[in-house]
Structure formats: C-alpha cells, structure tokens
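Here is how names work: the chains are called A, B, and so on, in the same order as the sequence lines, proteins then strands, and each is numbered from 1.
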Amino acid sequence: MGENGHLPPKSNIKRWLVTTNHKDIGVLYLITSMFFLVMAGILALLIRAQMWAPGATVLDPGGYYQVATSHGFLMVFWFLSPFAFGFANYVVPLQIGADDLAFPRLNAMSYWLYLFSGVLFGISFFQGATFMGGWTMYAPLNAPAFIPNYGHVGSFAAILALVMFTGSVTIGSVNFLTTIYRMRAEGLRMRDIPLFSMSILLTVWMMLFAFAALLGALVILSSDHLLHTSYFADVDGNPSSGGSLLWTHLFWFFGHPEVYIVFFPALGAMAEIVQTFSGRRLVGRKWFVIAMALVAIQSFIVWMHHMFLTTINLPIKTIMMVTTIGISLPFDLMVFALIYTMIKGRVRWKTPFLFVLGALLIFIVGGITGVFLGAIVLDYSFRGTYWVVAHFHYVMASGAVALIGALYYWYPKITGKMYNEFLGKIHFVVAFVGFNLLYFPMFVVWETPRRMFEYSAGFTFWHRVASVGAVLFAASFVIMIYNLFMSLYSDRVVDDSPWAYTGSTEWAVPSPPPTENFPGTPSFTSGSLRFLEGPEATDGGVEGEEATPDGGQVTAAADHGEPHPDHASWWPVFAGSSALLAGIGLSGLSPSMFVWPFLFALPAFVYFVGAVGARRDGFTVLHGAFLSASFLLLAVFIALFHVTQGIITGLESAPTYFWLALAGAVLGVYTLVRLGFESFYVPEPTSSAQWPFGEVENTKLGMWTFLGSDIILFGAFIGSYVFTRFEFGWQDWWHVAHEVGGLEHHPVWPGLLNTYILLASSFTVVLALVFARRGVGTTEIGPLSVENRKLTLGFIGTTFLGACLFLLNKGIEWVDLYFHQGWTFNADIMSSTFYLTTGLHAAHVVIGMMLMLFLMVRSYTGAYQGEDEARTIEYFGLYWHFVDIVWLFLFPLFYIL
Amino acid sequence: MMTPGSALLRHAAFAQVSRTPADVFDNLYLVFLVLGTLVGVVVISYTVYNAYKYRASDPDAEGRYDVEETPPEEDGDGVARPQVGEIPTGSGKGGGKKLFVSFTISAVIVLGLIVYAYSLFLYVEDTNQLYDGEDTEDPLEIQVVAEQFRFTYVYPDGTTTEELRIPKDRPILVNVTSQDVMHNFGIRELRVKADAIPNQYNEAWFQAEETGTYEAICYELCGVGHSSMRGEEVIVMEPEEFNDWYDSSEAEKAEVSG
C-alpha cells in the first residue's frame, strides 16, 4: 500500500491533486476543458470584433494572427478532445464493467500533462508573442527565420506545449486501448460494448497513430528552432527544397484523422442519447459500427485532399478525391441510422436530446457543404475562403454541440443532481440560433479570404450578422454554466437513472457511482448484467511481495489476502509540473545552452535511483556504486561544461530559462524514479472478457500499443528523410554534402559496428530474462555456481555496456563529423536529416539506458526472480528489441544508400 | 494519367459545354447548390418531422423517470425498448431495409455528382488542350513569383512587373512559385488559384472575357502582412491594346504602370 493509497474526501483540495480514479480524472478533464473553451471562445469573439468592419480595427495584424492561431489550437487540441475524454474517462470503465482504467497513474499523468501543456500555451502569450502562423503551422512560416524576433520564444513555447499535449494523448490512447480490450465485464464481447465506448475505442486507435505523426512533425520543427537544422528553412531564411510540401504531408496525415478524432466521441454520444430519448435501440447498429470502423481506417488515406492546390499530380488528386468521397458515404449511413431510430420511438424533447438533434441538423449542413469541397474544381475556388471556415465549423462545432448534449445527459450521473430543464432548453434555443447566425452568413459571403481581416465592403452586413451570432452563441454558455453550477446545490437528487430507456451499465449504479464502481463483479454471462458476490475467493495466505502490472511492488495487506487497489499518487502531478518547468525553460534557451540542464539531470537520475532504491530495498553495495557513480558523472559533465562554456561565464550568463529547465529536468527524473519505486497496487483483471488479447498481460499490451505509435514516429522521420531526399535528387544527396556541405568523409564502419553492438545487446537482454525466469536459486556455469539474480543483473549490465559502447562510438563519429569536418546541424539538409533521425534513435537508447539502471538496482535485490516477476524485464526487452530493429532500418538508409 | 475512361469522360458532351474555368465553376456550383439545398431541406425536414411525430409527452406517474417506461421488450408498437443492463444490440430487423435504400440513394446522388464534377475537373486540369486549338492563340505563359507581401509577374520576354496585364479572350497559363514562405495566388472573379510554394512550380490557367481591373489576393496566411497582400493589380485589356503595351520598351512599360 502506498502512503497515499487512500483518497481524501472530495472537499479536500489534496484529493484532486493525488487522485488516480477514473471518475475524478474525468471530472478534472471536463472542468479544465471548459476553461479552455471559455478562453478560446473569448479569442473567437476578438476575431468577430475585428471582422465587424474591414481592416485592422481592433487588433494589430500580429495580434490578430496570434488570436486566430490560438483560437484554432485551443479549440481543436485543448477543448474538443479533452472534453470528450472527460466523458470517456468517466463513462467508458462504467460502460464496459471495469473498476478503473488499466494504468490509473498514467491516466492521472495524461491529465496533468494536458493541463500543464495548456498552461504552457497560455504562458506563451506573455513571452513576446505566441505562434502566429495559423493552427496548420505551414512551413516555412513556422521556421524561426520567418517569425518576427519578438515572437521567437513564445512561438517555440507554443510548439513545445503541443509536444507536451501529444505526450498526454499518446499515454491516454495506450491506456484506453488496454482497458477496453482487457477489462470488459465477462460476457461482453468486443462487438457488444456500448456505442460511446465503441466510438472511444476507434478514436484512440486513430489518436495513437495520428498524434505520433504530429509528434514527428513537431519534433522536426522544434529541431529547426532549437538545433537550427534546415528541414523547412535555414537560419538565413532560405526555404529547403521540399520542406514546405513535407510539412503539409506530415501535418495533414495527422490533421485529417484529427477531424474524426474530435468528431467520433460526439457521434458515439449522439447514438447513446438518441437511443435513450427515443426509447429505441439503434437501427442498423452493426452497420453503424462497421461504418465507423471503415471511416477510422480510411481517415489515414484522404489527407491530400487538403492539398489539392499544391503541386501533387493528377493521379494522386484523383485517388484522394475517390477516397474522400468514399469516406463521406459511411457518414450518410450513420446519419440515416440516427434518424430512423427516432421512428416509432417515444421521443422526449429533453435538453440532451435537443442538443443532439441540433447537432445532427448542423452536421447534415456540414456534410453537404463538404461534398462541395470534394469536387476538386469547386475546391480550387473555395480554397482559403470562408466556405472552408463555415464548413468545418459546421462539422467540428456540431461535434461540440453534441458533446454539450452529452454534458446534460451525464450531468445527473456525475453529480447526482438534475440540472434545471427550463434553463437547459433556453440554453439550447439561444445556442442553436446563435450558432446558425454565426456560421451560416459565412456561406453567404464565402468569397471572403480566410485569415484576412481585409474584406470587400459589400460583405460587411453579413459579417456583422455573424458577429451578433457569435455574441449570442457565447452568451448561451453563460446560461449553461449558471445552470450547471446552481444545480449542484439544488435538491433535485437523482437515483441510478433519471432517464427512461437507458441501457448501458453506467445507469445500473448509483449517481454518482462509488469509488469501486460496482457492488460486485459485473458479468453479462447470463445474457444481462449481474453483479457477482465478492470477486475471487481469497486464498488467505499472505504473499509478501508480488509484482503489479505497473512494475511496482505490493505488500499484501496483512489482515486480508486481497490487497486494496490504490487510488492516489502524488507523482503524476509532479510529472506534469516538471514537464511544464522544462518546457518553459527550453522555450528560451539557445542551441549552445539547452542541452546542459538535461545532461545535468542524468547524474541526478543515477543518484535518485541509488538513494530511493536504498531506502526502498535496503542499502546494498550496488546502491553505493550508483551513488558514487552519480558524483563521478556530475564531475564529468561539469568538466565538459567548463570546457565548452566556462563555468563562471557560462553560469553567469545563464538566463532564468536555464535554471527553470534544470529544475524541471531534475524534478522530472526524481518523479520518474519515485513513480518507478512507488508501490501502487492495481489488480490484474482475472475474470474479464479479454478477446482478442486474453493471452497477454495489461502492461504487455500497453507496451505493444506504445511501440505501435513509436513506429509511426520513426515512420514520420524516415518518411521525411526519404521525401526530402527525393525532392532534392536521390543520387545527388551525398555528392552535394561532400562538395557544398564540406563533408570530407562519411565512413560506413561506425554504423556497421553499432549494428553489431545493438544486435548483441538484444541477445544479452534475452539472457537476462532467461535467468530472471528461473526464480530464486543458482545456476551452474562450468565450475561456478552463480545466483540467478546476479546473472540477471550481469546480463542487464552487459546490455547497458553495449548501449554505452553504441553511444561512445556514435559520439566519436559525431565529434569527427561535427567539429573536425565542420559538418554542423545546419550545414545542409543532409546533415539535418542525418543528425536528427539518428539522434532520435540515440535518444531512445538513452531512455533505454535509464530504464536499465532502474532494472539493475531492482534485480540485484531479487525483485524480478520468478515467472511473473520477470515480466518487467520482458516488457523492457520488447522496447529494446524495437530500438534495435529501428537501427536496422536507419543503418542502410543513412550509411549505405 | 489519361486512362481511356477518363479520356472518354473528358470528351463527353457535358464536359464541352463550358470553356473558361470561371464558366466551369459557375455551372458546377449552381448544380451543387440546387441539389445540395434540395437534399438538405428534405433530410432536415424529415428528421424534424419524425422527432416531432413520435414525441412522447406522458409523464411518469411515479416521477422516477422522465417518462413512463412501458413493460420490457414489447409495447403497443411492437418495438423492443432498451433496458438497463442489457447487452447492447441493435433494433433487430426494424428499419434496416429503409436504411439501405436511403443509403443507396444518397450514394447514387453523391457518386453521380462526383463523376460529373470529375469530368469537368479533367477539362480544367488539362493544360495541353490550350495548345490544341487551331483557330485560337496559344496561351500566354506568365510566371508568378510570390514573396512577403507582394506578387511579381514575369512575362515570356523577361518583362517583370508588379501589375498583371493580360489580354482578354486568350488563355493565360500561370506558373506560380514563392521566394520565401507558402503563399497562394488567386484572382476571385476569374476563378484561378494556385499555391505558391518555395522551390515548386504550380501551373493553373484561366481566361478573362471582360476587360477591367481585378484583385489579386493571397489566400494563404503568409505572415503579419498577409491581410494587405491583395491589390487591384490585374488589368485585362483588349488584345490590341495588350500587344501595344507588350511590344513597347521597358521604359515605356514602366511609364504606363507608373
């Protein structure tokens, strides 16, 4: 039991900082995303104020573009998806019969990373100027050479905020996938899960891959800012050969699935609400689900329809037109299914239904106007005009309107109180009228160029109508916030389900549900929901220590056989805040300084592993070695710092940003170490429906899905390299690097040697696993009899040594290339792609080494002895093999071809 | 890529009706607007009609729910209604056929529209045809170079101006590129638009049928000066007038532009 295993009451602020319970985190997501809705809404009102008359009447141009850009970022990233995931957190485990998500602490970490990424974005406004290149961040306008000097720090902070947000999303996707596949109530097949959960499942699949591509794009962009690589433009403002197109590909490969990512949860909520308020099950449910799955897959092959006016050729345009029209058809089916469900229903025009009906009507308009854009000839003229603005607001905001319906629908479940129905209806009427007044005029004056505050005087009337609509639409949310807040204190208490004809499991438990969700183990084996008495019979024995899915340890409660699941941890909020500190710091650091805070965090990491490990498992000689090594390492880094920067001059000139980054990095590694050593018990599901992953554990499935997203990340990098090289001229690549970039020689052997080293290290990590699995005992090796735990430690240590050799070899190679040959990051596009892609791989190696340090300390105290305990090493092995396999692709691409 | 099918489409009668991209756009936009409005009105009315027709207003006698639940499984309408704790299923057979009929109708409308639109797209996209006409002049090729925050026009003879002077009734083939960030070159009334991408050359053609002055607009956010990257700089002239201007010396051109 962790020291924070029990949750304080809800009135205590501490509860909201430490909670890992999915319902609490759902509430946190909902409230935080509403805050960002208000923020982005105010920015929207500023846009509409500027559009009241042609010309820069309210904001100066720079201000206007910051406002327009931030409005897009905040609505798409920090409001729409997180709002939907507030419901997903709260409702999905209830719907599928799970006690919580698979990885509760990671879930809390997702939330805190989300919140603090939003805070970082907010701070970027005050660092000169935030990013002003539009939410699509087209290149090379996104490169430092084209950002005004006063906006450098803020713009980079905004990009880093997006990187943080992407981290949050990736962790969340892994978590939801594992939960939905592995923790369903017995008897609930995949095809049976309620439609909202189904929509979330498909959403997180898309998120897993789409956001990895965005992360790739953002890391490349960050490198242009921080390392002055020249993917998009060099520091003098010369655009690279293919960078502009490359960005559009990377961005829209993410960007189009993103449209469905924000819309699918709304679609799932619409299906649930239409079913409940029509008192009918969904017509054509099977086809509805198939249609959604088709859209989810197809969403990855339509992205170039955002690029019809770029230089992509006719065959590609044709293919993209066909896939685009193809993807609209499943939506027709889904819309009709929703409409036909109302027939013969007992339709109640309650607030949630009104919002969903309104959203459906809005979506129909959005869909029809979207078909216009699918006709390329029309798209040519609509490109960059208010037609596009109106169309995607009719689509995206219809999702938002549906989710507002979901808020009214689940509000009684979450709070235990009923909202005020009259005010709810008023809210709907004002919102619906306001919405259409706001966006429909944009179709009328669609010839207004988008993102331009100059427009023809003849359009003024309609833009004023839109501005009036915007004020109405915004005002309607004041009614909602008042209603929902006051209703908390009303006496309209509800029991399990305030609505007739609800179906899914969340309505079978009290409102709000208790911490453990269900009165017994939920099961559908009898054909409908039953709660089985007490989980598995206790085996009575005290197990001492057993491994948990989180890789931590648990001491079974001494009085009962079954340990209580933990629900509280301080470390997720610390992880989020240290990322915020590091992010702020990084935004303001120069290329020569930025790496040092993170280098200095490495000895800190080694020290913490030794110190925290000694406190946890008792002091051993290995802990002592770690502590000494940390000081040695620190001395080495200080010496290096002195050589390159000069200690006195370096630290004197170090900006506040340096200290912030250092604080963030050190707090970050401390948090990770504490997370690793924390005992946090989460029961592995035993009696759940787990098809098709019944044979793997939660953590292994989590690792698999994480690696799936990592494949896309590397795919984005490798794809960028291949694309850039083709645009440049495949055969000329190295010749030009030699002749113009000053690269004298680029030997193959360091890469080849590293290939052998990595392959060997994959082998040793397998040996570590073999001996860990043998459990407590000794193994005879020739005349020697060695303890298995020492063999495990030895082989992890050998793997670690292999990684050291890999980095040493690479370091020698880089020093030669960078310093001796002068082939710097910004020498040419070849050096940019070479250093960054192999550098990303090297970063993966370093992370692997940090994990190994942790494993070494733990294995020495015998933590991984035994079939179950050894799994932690197996999970690490998966990661390590993946890193090795990636190198097998990078080596030929960057050394041979 | 001119597959036999697409070549057939291009020569189909309906593709030949229009001539300039502006005509093509106007025709197609009208067709889409009429059909889109029609479909929208029908679907929206039908949705609201059903939601209204099947409304239930009887309150729950016990006040537990928002409406009295009829007994499980079957009620008067022969419809199975959802119950808490059931394994989610669809509505069974009810409505399935209707769903597919309406899906098929919508698919036919959309596909029909798109095949029609695609034939026109091939016509607009095919710049080779501009050189085919026996009784028409070859297109005037002009390079458009975008930079923050203006366009520059380069004529075949090397003349470089900041005004786009063109003759009416002759196809204009623009080759658009950028010197710095991504822009988009467009002339609203003439229905021409192309992304201006650094190190890329993007072709588009158009034809003006009226003399006059038009506005060239940048349609891609390109920096703090983006909103002012538009100007009444496209001047459509009578062919003879244009030829006189084009044949005059650099100095005279500058004077005219003055």
Side-chain angles (χ1 to χ4, degrees), chain A residues 61-62 134 138 140-141 146 192 194 239 241 244 275 279-286 309-311 314-315 325 329 332-333 336-337 339-340 342-348 350 357 361 364 368 372 375-377 380-381 383-384 447 449 451-454 499-503 507-508 524 528-529, chain B residues 1 24-25 28-29 32 36 39-40 43-44 47 50-51 54-56 65-67 69 77 79 81-82 84-91 95-96 98-99 102-103 106-107 110 114 117 120-121 124-125 181-182 184 188 191 193-195 197-200 202 217 219-224 226-227:
Chain A
Y138 270 10
L141 186 61
F146 293 105
D192 294 333
S241 51
S244 202
Q275 288 189 118
R280 277 202 73 190
R281 298 172 187 143
L282 190 69
V283 169
R285 182 184 197 271
K286 181 169 80 179
L309 266 92
T310 64
T311 47
L314 179 63
I325 294 305
L329 297 178
D332 293 359
L333 188 136
F336 286 126
I339 296 172
Y340 292 147
M342 293 188 283
I343 293 177
K344 291 193 188 169
R346 306 190 57 187
V347 180
R348 287 99 68 202
K350 295 271 179 179
L357 182 66
L361 302 185
I364 290 168
I368 291 173
F372 281 56
I376 304 182
V377 176
Y380 279 3
S381 280
R383 157 88 164 91
E447 304 249 33
R451 291 164 168 169
M452 227 185 217
F453 45 74
E454 297 288 351
W499 319 116
Y501 303 122
T502 48
W507 303 107
F524 284 92
S528 66
L529 178 68
Chain B
M1 185 195 70
V24 172
F25 175 85
L28 196 59
Y29 182 54
F32 269 67
V39 170
V43 176
I44 287 176
T47 309
N50 278 317
Y54 294 101
R55 74 196 183 283
Y65 292 135
D66 55 333
V67 68
E69 271 197 359
D77 301 329
V79 176
R81 308 224 173 262
V84 173
E86 67 182 12
I87 293 183
T89 56
S91 65
K98 212 174 190 171
L99 185 60
S102 35
F103 172 68
S106 75
V110 170
I114 285 304
L120 296 174
F121 166 64
V124 170
E125 199 75 349
V181 301
M182 191 159 159
N184 179 299
R188 196 175 107 196
R191 299 287 168 222
K193 210 175 266 178
D195 281 342
I197 306 169
N199 299 314
Q200 305 271 333
N202 204 356
I217 300 178
Y219 282 92
E220 181 57 58
L221 177 52
C222 58
V224 286
H226 170 61
S227 282

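- The closest side-chain heavy-atom distance from R81(B) to R280(A) is below 4.5 Å.
- Going from atom CD1 of I376(A) over to atom CG of L28(B) covers 11.5 Å, rounded to the nearest 0.5 Å.
- Once rounded to the nearest 0.5 Å, the distance linking CZ of R281(A) with CD of E86(B) reads 4.0 Å.
- Separation of atoms CZ (F32(B)) and CD1 (I368(A)) is listed at 12.0 Å; rounding is to 0.5 Å.
- Considering only heavy atoms from C-beta on, T47(B) comes within 4.5 Å of M342(A) through its side chain.
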**Prompt:** Can you list the steps and then say if Y340(A) with S102(B) is a side-chain hydrogen bond (donor to acceptor under 3.5 Å, both in side chains)?
**Reply:** CA-CA 10 Å; Y340(A) 292 147; S102(B) 35; 3.0 Å; yes

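- With a 4.5 Å cut-off on non-hydrogen atoms, I217(B) touches chain A through its side chain but not through its backbone.
- Most heavy-atom pairs under 4.5 Å with chain A, from the set G85(B), G40(B), C222(B): that is G85(B).
- With chain B as the partner, the residue from L529(A), L141(A), I339(A) showing the most heavy-atom pairs under 4.5 Å is L141(A).
- Note: I114(B) leads N184(B), V110(B), I114(B), N50(B) in heavy-atom pairs under 4.5 Å with chain A.
- Side-chain N or O atoms of R346(A) include none that pairs as donor or acceptor with a backbone N or O of A56(B) at under 3.5 Å.
- The side chain to side chain donor-acceptor pair (under 3.5 Å) check on Y138(A) picks up W252(A), with sequence neighbours excluded.
- Within the 4.5 angstrom heavy-atom criterion, only side-chain atoms of L357(A), from C-beta onward, approach chain B.
- Chosen from R451(A), R383(A), Q275(A), the residue pairing most often with chain B at heavy-atom distances under 4.5 Å is R383(A).
- In this structure, chain B has no heavy atom under 4.5 Å from any part of K286(A).
- Across every non-hydrogen atom of T310(A) and M182(B), the tightest pair is CG2-CE, 4.2 Å.
- Contact of L282(A) with chain B is made through the backbone alone, with heavy-atom distances under 4.5 Å.
- Interface residue N202(B): backbone and side-chain heavy atoms are both found under 4.5 Å from chain A.
- With respect to chain B, the highest number of heavy-atom pairs below 4.5 Å among L309(A), D192(A), L333(A), I364(A) belongs to L309(A).
- Note that the OG1 atom of T311(A) and the CD atom of Q200(B) stand 3.5 Å from one another [nearest 0.5 Å].
- Counting only N and O atoms by type, the side chains of Y29(B) and S381(A) include no donor and acceptor under 3.5 Å apart.
- Of the listed residues (P61(A), A500(A), S244(A)), the one with the most heavy-atom contacts under 4.5 Å to chain B is A500(A).
- Atom OH of residue Y380(A) and atom CZ of residue F121(B) lie 4.0 Å apart, to the nearest 0.5 angstrom.
- Ranked by heavy-atom pairs under 4.5 Å with chain A, the list V39(B), I87(B), I197(B) is led by I87(B).
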